[in-house]
Every structure is written in C-alpha cells, then in structure tokens.
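The structure appears below as structure tokens.
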Amino acid sequence: MRTVVPVVERIVETPSTVTLRFDEASRARPGQFVMVWVPGDDELPMSLSYVGARKGVTVKAMGATSRGILEISVGAPIGIRGPYGTAFDVGARRILLVGGGSGTAVLAPAAEAAMARGSRVTAALGATTATEMLFEGRLRTAGATVELATDDGTAGERGYVTGVVERLLRSDRYDVVWTCGPEVMMQKVAAAADLAGVPVVFSVERHMKCAVGMCDACTLGPYHVCVDGPVFPADRIAALPEFAHRKRDPSGRLVPT
Amino acid sequence: MRTVVPVVERIVETPSTVTLRFDEASRARPGQFVMVWVPGDDELPMSLSYVGARKGVTVKAMGATSRGILEISVGAPIGIRGPYGTAFDVGARRILLVGGGSGTAVLAPAAEAAMARGSRVTAALGATTATEMLFEGRLRTAGATVELATDDGTAGERGYVTGVVERLLRSDRYDVVWTCGPEVMMQKVAAAADLAGVPVVFSVERHMKCAVGMCDACTLGPYHVCVDGPVFPADRIAALPEFAHRKRDPSGRLVPT
Amino acid sequence: MAAVEVELAGIRLRNPFLLASGIWGESGESLKGAYAAGAAGAVTKSIGAEPRAGYPNPTVESYGTWGMLNAMGLPNPGIGEYPREIGIARDAGVPLIGSVFAGDAEGFAEVARQMAETGVQALELNLSCPHAKGLGSEVGSDPAEVERVVRAVVGAVQIPVFAKITPNTADPVALGLAAERGGAAAVTAINTVRALAIDARLRRAVLAHGLGGLSGPAIKPVGLAVVWQLYEKLRIPVIGVGGISTADDAIEYALAGARAVQVGTAVAFDGVRVFGNLSRQLPARLDALGFPSWAFAVGAAHPPREPSSRSPRGGP
Amino acid sequence: MAAVEVELAGIRLRNPFLLASGIWGESGESLKGAYAAGAAGAVTKSIGAEPRAGYPNPTVESYGTWGMLNAMGLPNPGIGEYPREIGIARDAGVPLIGSVFAGDAEGFAEVARQMAETGVQALELNLSCPHAKGLGSEVGSDPAEVERVVRAVVGAVQIPVFAKITPNTADPVALGLAAERGGAAAVTAINTVRALAIDARLRRAVLAHGLGGLSGPAIKPVGLAVVWQLYEKLRIPVIGVGGISTADDAIEYALAGARAVQVGTAVAFDGVRVFGNLSRQLPARLDALGFPSWAFAVGAAHPPREPSSRSPRGGP
Ligand SMILES: Cc1cc2nc3c(=O)[nH]c(=O)nc-3n(C[C@H](O)[C@H](O)[C@H](O)COP(=O)(O)OP(=O)(O)OC[C@H]3O[C@@H](n4cnc5c(N)ncnc54)[C@H](O)[C@@H]3O)c2cc1C
Ligand SMILES: Cc1cc2nc3c(=O)[nH]c(=O)nc-3n(C[C@H](O)[C@H](O)[C@H](O)COP(=O)(O)OP(=O)(O)OC[C@H]3O[C@@H](n4cnc5c(N)ncnc54)[C@H](O)[C@@H]3O)c2cc1C
Ligand SMILES: Cc1cc2nc3c(=O)[nH]c(=O)nc-3n(C[C@H](O)[C@H](O)[C@H](O)COP(=O)(O)O)c2cc1C
Ligand SMILES: Cc1cc2nc3c(=O)[nH]c(=O)nc-3n(C[C@H](O)[C@H](O)[C@H](O)COP(=O)(O)O)c2cc1C
Ligand code: FES
Ligand code: FES
C-alpha cells in the first residue's frame, strides 16, 4: 500500500523538470500513477515515468508542492502509495505518441514497453522551448522516430505540436495515438486522429485525494480518474462538457480549466 | 474460528451420556477440544470424541448446561469454536488407556488413531455401573483389549479402575499410559505407572472462558489448560498443589476440587 | 425469494442499501452512478453553507482489507453550487438524502432549508464528523445541542430529517433519544471512529490533519453495538452504517435493529459494483437464513420485548 | 543498540512492555510467567472488593487476525483472596501494577488501599471497562467523577496511581486532564472499544452479555489517537495500549507520546512469548529508524512545542 522510500537518483531533465528514482517493488504498468507524499507538505498524484523495480516520477515545477518535490535530494525519504489506475495497452503495432510538456513523462515508459514488444513508435513532442523538451533522447535511444515542436522554434517546428501531429497522420498510418498534455491539445489531437480514423487514448489529470475511487474529488463526468483512468479511450471522455473546459477544484466545484 | 452447525446425529451412549455429531471441516487431533455453544445458554469446553470431518462430542449430564446439551435434538444449531489445545502423541506402540466415566470420550479417538497406525491398545474403563460404561464396544471394535471395573460390580471388577490398572501394569509392558477421569484417579494411575516406569499422559479439565490463552480462567500452576493442555505429560502437573486438590472457580479463586 | 424492499420515513426503497455520505456523493453523476449500480438511493456528501476545499493531502490511509482512515475535512462545493449536482441525480430518479453540516442550529437550519429546496426526499444531519473542528462532533456529542439542531431543522423543512450520530461518545443512546425528541424521523449510526496513523520512518502523523476517522470492516462491531443500543430505546427507525461489505454484514445490522443500511468504504475496496453484488445476494442470503423478508430480520436478534414498551415496527 | 529502559513514575522498567490488565493477570503464576517471557512488568487483572464470577460464556469472539471482542464481566477473586497471587509474582521480582475497580470513589479508595498493601509498585484504576454496568465506564466517562475517584485513591495510598481511560468518549483529553488534576502519576489509554457481534444463523448477539469491548490490531489507530491527544495536553506520562503486537506498533505509540506500552490481545494471537519477541526486536527496530533510545522516540511525531508549554519529558 503505502511505503516510505529514499530517493536514490535525482536527474535534472530540463530547467523546470526533475526525475526522482526510488526502489519500490510493486508491479506497475505504464500509464499508472502513484501518490507521492512529501512529508510535511502535500501528497500529489504523479505518473510513473519508470515502471520497473526502480521506479521514477518526473515532476515539473508548478505550484509550491511540485517545486518542493523538485528540491528533494538523494537519500531523502518520500511516501509512495500505489500504483493506481489504468494503463496503456502496449499491444498496438504502430503507435503515434503525442506529448505536450511534462505529459511525455507518462508516455515514455509506455513507448519503451511497446517497442520492446516490437511495436513501431513515432513521437511528436511539444515544449515551450528547446531546453524544456522532455525525454527526446530517451525515446530516440529506445528506437522511436521523434518529431519536435516548440513555441519559440528553438527545436523542431515552431508552433504547437498539433501541427506536427496533423502532418504525421496524413503521411503515415497508425493503429493508435497516445497523448498526454494540456486537454485542449489532446482534444485537437483527437479531432485530427478522428479524421484519419485512428483511435486515440488520453492520459488525463484531475485533482486527487483518496486515489482509490471513494472521495469523488477526481470525477470527470461519470468517471473517477483515479480508478477509471487516468488512461482513457478518447471517445469516452473527449466530448464530456467537463473535459478541456472545466474541472473540479478541491471543494468539488466546477471551475474553468 | 467460530461456526454454527446443525447436529446431524444424536446417540444415547449411556443413561447419562449422549454423543452429538456435526460436520465441521477443521483439522482436529485426538485430545483437542472445542467450545460448544448452546445458543441462549452457556458455552462449554468439550473434548472431541470424533475428530474427522464428522466430529462429535460426548456429553455427560452434570449441571444445567450439560443437561441442556444432552437434550439438543438432531437439526438444532450449535456453535463450535476450535479445535483448541494439545493432542495425544499417537506414535507410541503399546498403549494403556485408562478412562474414568466420561473421561473415555477423549481417549477413544486417540486409541483409534493409534491402532490405525499399528499400535496395540489395552483399555481399562471404569464406571459407576454397567449401563454407564462408555465406548466399550467402540474400543473393542477398533481392536483394543478392554478391561472393565464398576463401583457396583455390574461389569468387570468391582471397585475402582485403578485396581485393574495396577494389575495390567504388573502383567504387561506399556510404552505409555493415557488417562482421563477424576484427578484423584489420574493421580493414582500415575503413581502406579511410575512404579512400573511407564510415562503417563493426562487429559485435564479446568474452567474455561476464552479458550485462547488470554483470560487466565483455566490456569493450573504455570500452565493454561486451554493452550498448554488439556493433554499434559503427567510429570509436569501431577505434583502441582493445584492438581487433584484444588481448582479455580469462575472468579479465579482457588477452591477445593 | 425474500422481499427486500424497505419503507423508511415514508420513502420506498427498492432494497436496504444506500450510498453513505462522503463516498462518491460530491457530484451528481456519481450519485446517479451508485443508483445505476444497484443502490436503492444515495446520501449526498455533507454540504455546508460555503465551498470548502477540505484538508490537504494525505487525506487517507488504508489498513489492508480491514480498515481505512480518512480526514477529508468536509470538502464540498457549498450549498450554492450543489443544486446543480442534485439536479443531475434527481432527474435520473435517484432517491436522495441530502446530508448537511454546520456549526450551530441556525446554520444547520439554513443549509438544510436550501438543501430541501433541491428536491431531496430527506435530510441527514452530519452531527458526527470526528475530525473537523467546530463542525459536527462538538455539536454532535452534546445531547442538548443535538436536540436543538434537529428541532431547528425539523422546523425549517417539510421533509423527514435523519440525525447521523457519532460512535465517539460514552452514551450513543442519549444522542439518539435527543434526536428523537427533536423530531428526527430516523437516526443514522455510525460515522467514523476517531483514530490516527503514525509513520515511524517519517516520525509524523500520516494524515495532514493528524486525527482522522476509521471506517471499514474493523468498525462493523462498533456500529452494530450502537445500532443495537439505539434499537433498544428509540421508537424511530435506525439506519445502520459502518463496515458493511457483504449481504451478511447487512443482515447482522438488520438483526441488531437497522431498518436500512449505508455502505461507504466497501466502494473503495470493491468499486461501486458492490451495490449490485449486495442487492443481488441479499434475497438469497435471507432465504438461506430463513427470513421471509428483510423487514422480518430487523431487530430479530433482540430478546422479545413487552409489546407496550415501544411502537410497533412495521415493514417493509 | 538503542537503550530501551523506561522510567515510569519512579519505577524503572527494563523495557517499555507491560502485560495489560485482564490478560493472564488473574493468577500469580501467570503474572510471573509474563515477566519470565520478557515483559518489563505486569498489570494485574482488575480486582474488586468481592469475588466476581463474571459473565457466562460466550465471553469472547475473534475476528481473524485483526481483532477480538470480549465481555468477561470483570471476573476476579476479590481483593481478599488476591494478595496470595500478588505474593507469588512479587516474590519472583515482577514489577507489578495493581489494577482495581469499584463503583464509586469510596469503593475505589478502599480496594486500592488493600491492593497497595500487597506491595505492588503502582496502581491502575480501571475507569473504563466498557461493558460492566455501574463499574467503570459510567464513572469513567464523567471528568468530574474521574477526578474525584483519582483524588480519593491518591489520598488513600503512598504509591503512584495510574488512571486508565476509555476511548468511548467524545473527549479523552477532558478525562486525562481530570485524572491529572486528581493527582494521577500517569494515564493509561485505551481500554477496549464498545462493540457487539451478531450471529445471523442463531439470530442473536454472540456474547452472553451482548455488548463487549473490541481489542487487538483494529483498535491501534484508535489508541494512537487518544495517546496523541493526551500527549498534547497532559504533563504526566501516558501509557499506551491497544493493538500492539510488534515492536513497530510500540514505536508508533512512542511517537504518538506513550512513555510505556501495554500488550494484551497479542498474547492470545502469539502466546506470552510475544514479550520475548517484542523486547528482542525493539532495540534493532529503534536502531533501524535512527532513534538512539526509546526515550528519544517518545512524542517525537508531534510538532515541536514551545518549551514553556509543558514540563520537560526526561527519559529513559
Ligand atoms: C494522474 C495524474 C498524473 C500526474 N502526473 C504528473 C507527472 O507525471 N508530472 C507532473 O509534474 N505532474 C503530474 N501531475 C500533476 C500534479 O499532480 C500536480 O497537479 C502538479 O504537480 C501541480 O501541483 P502543485 O501542488 O505544485 O501546484 P499548485 O500551484 O498547488 O496547484 C496547481 C494545480 O495543481 C493541481 N493540483 C494540486 N493538488 C493536486 C492534487 N492532489 N491532485 C491533482 N492536481 C492537483 C491543481 O489543479 C492546481 O490547480 C499528475 C496529476 C494527475 C492527476
Ligand atoms: C478441556 C475440557 C474438555 C472437556 N470435555 C468434556 C467431555 O468430553 N464431556 C463432558 O461431558 N464434559 C467435558 N468437560 C467438562 C464440561 O466442560 C463441563 O465442565 C461439564 O459439562 C459440566 O458443566 P455444567 O455447566 O453442566 O455443570 P454445572 O453444574 O454448571 O457446573 C459443574 C461444574 O462444571 C464446570 N464448568 C462449568 N462451566 C465450565 C466451563 N466453561 N469450563 C469448564 N468447566 C466448567 C465447573 O467446574 C462446575 O463446577 C470438559 C472440560 C474441559 C475443560
Ligand atoms: C472518505 C470518507 C468521507 C466521508 N465523508 C462523510 C461526510 O461528508 N459526511 C458524513 O456524514 N459521513 C462521512 N463519512 C462517513 C461515512 O458516511 C460512514 O459513516 C463511515 O465511513 C462508516 O461506514 P463505512 O465503514 O461503510 O465506510 C465519510 C467516510 C469516508 C470513508
Ligand atoms: C479478555 C480481556 C480482558 C480484559 N480485562 C481487563 C480488565 O480487567 N481491566 C482493564 O483495565 N482492562 C482489561 N482489558 C483491556 C486491556 O487491558 C486493554 O486495554 C485492551 O485489550 C486493549 O489492548 P490490546 O489490544 O493489546 O488487547 C481486557 C482485555 C481483554 C481482551
Ligand atoms: S481521488 Fe478520490 S475518488 Fe478519485
Ligand atoms: S480459557 Fe482463557 S486462558 Fe484458558
């Protein structure tokens, strides 16, 4: 269930993103998440960016807590609950992976697992700027074809990664698209894939408390993201009025995203 | 742990003794006891007189509760907790079994188990009168040599079974003596066996409540009869001042037996 | 097959199983989902006058299969926003019990009035949250306060009012009787048991709030005791809650005196499908135990009582 | 290796583990046996003025590995007979805490006086038996009564007096503070949690008495909460009890604020050898968790407090 483990490695991935590795024996599948407890601070859901016995989470600086996580040093103890939630089905043959910002964290282990089983992976990664590009090297090393987009054009195409995605979907055939990033981005990806007739899988985030499907904090329409997700077939959630436009705050109120 | 089962057979063994059979799957060894709960009345410790899947207890009319148990009819539900406590070591080759009154109840399944493994069993059974003799037929059927004693001489020798025991110990060699009955009787049996150099095993009774070694109701010197007993090597308890002479009442006071 | 319908303060329920407050009840879709899964109805999350974010994480700690500790801190969107959620569930036909909390009788009456306006069938007053300061348990552990709160709410609404009481008391019967005097239509028992988890490696309390409430199988014996005691002395029906995850657990509550039951933590262990399992298994289990109906089992473990000592309990 | 000796109200204990009252403590041989097995000392069975047979069987119900329910009904040989048992344990050098109960302050003072004469090192007042009518819990749930009882006993004896309080209360701190005001040298928490078991097949409560008290692992979080709360407000030491069966459980109690701990139900699960296991494992576990001694762990999960707000806690 819950365990307390020391951080055994701390890797600075980008100026705003750090990976923390820790040894934890549970079986996890790519797409699943853990609740990471920074003692004395909050406990936050984090996708596993490494799913083996030496697990990892890749954290982007957002608010106070995530910044706190970034600063955890090697040897410091953290609390881990999980793994929780649904996973990617790594059986597809030709996979297009679309990561926006730190969204790539959850896609990387899924891509690795799929490629290890013989799948062909193309990754379209977006970031604000070249130095913020996450896991480009990791994916190339694993054998993926990687295409980039940055807001400022410092790497790959200038503009949103959705442009790259549209081009890729036109020029090649895929069995599935996996995407994680801002919900508006994921919605655009889904729209493009729909045109191309390719099914899409989302990894989504909602405010989480219990992580065991009890407290209702993470509802998204009829679903609880902690147990029914975070990995969802896009067609189950893309059209929900609460997707891309609204989410629930910690009180359960619907607020604009 | 606790289970509620219907009585499936009711056998009148003697005018004052009835066996109730019930199906209960736990593994029990000869010598162990169960707590028999008569709903609405008390719960009492009873040795298992049958230890297989169809278990049995053989109850003698004493006070109100045991009389209540005697009157339970086939189909009525009873509560069973257990089996608890220590068992007879059925590995001995030549066994002398000494049962006083309903004490034979716990010896019979042990004798059967031993004979099934090739042991030779001689049984010395005592009772007030011929009609109160318990399990004589059962033991003979299983292959034991049976010798009897009754207070009124209506079966076997007139007098106490201890006389028979002394004679048997003189005329034959045994590896062990198993005995259950009044403690004064067991003490006499132990004295005789001591002279003959044969180790003795007692099955003893004390007031029981928890049956799991917690409440201290069943203390006998440094032992708790519910977990350290009821089957004891005689040399551990025969000389205790609390044996044969005193026991604890339900309040924990030492009272004369 | 044994009949399992229940009549509770004039509300007809298709079975005795209600979703307990605070589990799945923050959103209308979830209330609807519990009903679709098989629950007879749902108690909403406890709603207050204002939105509350609740305590920071960690808010839960689990103990294998026998228990769960939580200190959510009564997060809720506030009665201003909540009618939207109620609407979704009500339109789907879910029998709803609106749970509310406040710091005093006036506060309770006001939020209860607003909750009643949403069209719920009954109200449940959370007089028993063991870990939110000034909200519930302090009010809920004083019989005089309980009576005052219940009376104020009963005076403010037209629908039946249930009082949910705490097990963290020397005398649950005093609380139940106070609710009855105040005009409650039923008493719900129990809320969670005050508890705390420590992590020795981190040398601190696990939950951000420190104290929390224990729920799940471990508190079933505690809930049964309270229901048993209430049934002995109250005339109004008792709704049992605490550690129910099987039909047999529910039947034990019925035998102790519960007219209906609520299920909470089992949803975390088994998912909301637990309501389907429970409602499917109940008739067969009642049959096997020889009860012609659920109503027959209610209170059946108590020694027969003088007919005059309390009002008859009809069923279902 | 971490030091594990404890000083408790002037009594030096070789480790923090005491036998809890009511387990094994009816006979002198058993008190001696617990000490021989590794306990640092033993609390006696709660002794009253007169012999009591206790309730009829069934007196216990067990819940697999997580709990135990009992309603023994305070069986005891009475203070007239009990000195014989004490003598056996005392002669064997067992540090002894004599537990007593009565219906009111005068009764407590009288039986306490007689218990003190037997040569026990301290007294523990059972103010908390959840199921014996008129004996304990009624007295023990009213702070004013608790204070009165403790004061009466403290006035009647020369040895330290511990007050054992109930978890079945809205406000354990009020009870602890009352004991402190009355002159108690320590507070023991907790006794069992009021609970009940039903057998659906037999349609009745399992225990002959109906209500009983829950003990064992399931109540560890409940006991930790009470100890935590008491430690925050009391100046006298707290003795933790409830669900301890491993050295880690004990360390959690220490972190919550317990100076020493008692072990009860674990004896039913593991036998009295549990005391050997606990005392052997404790130093290694403290080492692994980075505590130089048991005393260091006491209260260590609490946020640092103003130095002036309470008396310093020395150790061991
Ligand atoms: C399934 C899942 C997987 C995630 N995986 C990653 C990941 O791999 N890497 C990563 O950097 N982030 C991930 N997140 C997001 C992460 O949990 C936090 O939301 C983010 O780190 C911001 O937290 P903060 O407290 O620093 O920000 P704050 O400034 O405190 O808050 C910013 C936003 O963070 C969100 N937030 C705060 N607390 C929570 C919470 N308990 N649950 C969800 N959101 C919360 C709120 O929506 C808030 O608006 C994931 C979230 C979910 C639900
Ligand atoms: C390990 C063990 C095995 C036993 N096996 C058998 C058996 O196979 N057949 C059989 O007929 N009897 C057996 N007994 C004895 C039985 O438990 C009762 O003591 C006996 O039936 C008389 O009970 P009563 O309530 O009818 O008598 P009462 O008239 O109520 O009391 C007579 C005596 O019974 C004893 N007694 C009452 N309650 C208990 C109790 N909870 N535990 C122990 N003794 C009690 C008391 O010593 C009392 O003095 C066994 C006892 C023990 C401890
Ligand atoms: C996560 C969680 C949140 C809860 N929130 C509330 C609440 O808001 N209002 C309330 O009256 N009870 C609340 N409860 C208590 C439950 O309704 C129920 O009384 C308790 O959990 C015991 O039932 P269970 O063992 O089936 O969970 C909550 C319980 C849990 C576990
Ligand atoms: C069988 C049994 C008998 C008990 N008798 C007493 C008693 O006489 N006096 C008392 O103060 N506590 C009594 N208790 C309570 C224990 O001392 C202890 O407070 C409680 O069981 C919690 O600890 P545990 O979980 O380690 O058992 C008894 C508990 C049990 C299980
Ligand atoms: S986080 Fe509690 S239901 Fe999902
Ligand atoms: S019957 Fe309780 S210790 Fe043996």
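Naming: A, B, ... by sequence-line order, numbering from 1 per chain. The model shown is predicted, which means the values in this text are computed figures rather than measured ones.
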Among I88(C), T59(C), D199(C), which residue has the highest count of heavy-atom pairs closer than 4.5 Å to chain A? D199(C)

Please examine the side chains of T3(A) and R201(C), heavy atoms only from C-beta on, and report whether any two atoms are closer than 4.5 Å. yes

Of the listed residues (G79(A), G40(A), A217(A)), which shares the most heavy-atom pairs with chain C below a 4.5 Å separation? G40(A)

Run the salt-bridge test on E26(C) and K209(A) with the 4.0 Å N-O cut-off and return the result as yes or no. no

For R203(C), is it the side chain, the backbone, both or neither that has a heavy atom under 4.5 Å from a heavy atom of chain A? neither

For the atom pair CG (N76(C)) and OG (S251(A)), what is the distance rounded to the nearest 0.5 Å? 7.0 Å

Turns out that what part of A36(C) lies under 4.5 Å from chain A's heavy atoms comes down to neither

Within a strict 4.5 Å, meaning less than it, do heavy atoms of the S30(C) and H224(A) side chains meet? yes

To the nearest 0.5 Å, atom CG of L31(C) lies from atom CG of D216(A) at 7.5 Å

Does N57(C) use its side chain to pair, donor to acceptor, with the backbone of M208(A) at less than 3.5 Å? yes

So for D249(A), is it side chain, backbone, both, or neither that comes closer than 4.5 Å to the heavy atoms of chain C? neither

Which atoms of H207(A) are under 4.5 Å from chain C, going by heavy atoms: the side chain, the backbone, both sets, or neither? neither

If you compare all heavy atoms of E29(C) against all heavy atoms of G221(A), which two are closest, and at what distance to 0.1 Å? CB-O, 3.3 Å

Heavy-atom contact with chain A under 4.5 Å, split by part of V272(C): neither

For the atom pair CE (M214(A)) and CE (M72(C)), what is the distance rounded to the nearest 0.5 Å? 7.0 Å

Does L202(C) reach the side chain of P77(A), with side-chain heavy atoms less than 4.5 Å apart? yes

Enclosure of E50(C) CD (heavy-atom neighbours >12, cutoff 6.0 Å): no

Applying a strict 4.5 Å limit to non-hydrogen atoms, the region of M35(A) in contact with chain C is side chain

Minimum heavy-atom distance S27(C)-T219(A), with the two atoms named: OG-CG2, 3.5 Å

Could you tell me which non-hydrogen atom of G213(A) sits nearest to which non-hydrogen atom of W24(C), and how far apart they are? O-NE1, 2.7 Å

Which atoms of V4(A) come close to chain C, meaning under 4.5 Å heavy atom to heavy atom: side chain ones, backbone ones, both, or neither? both

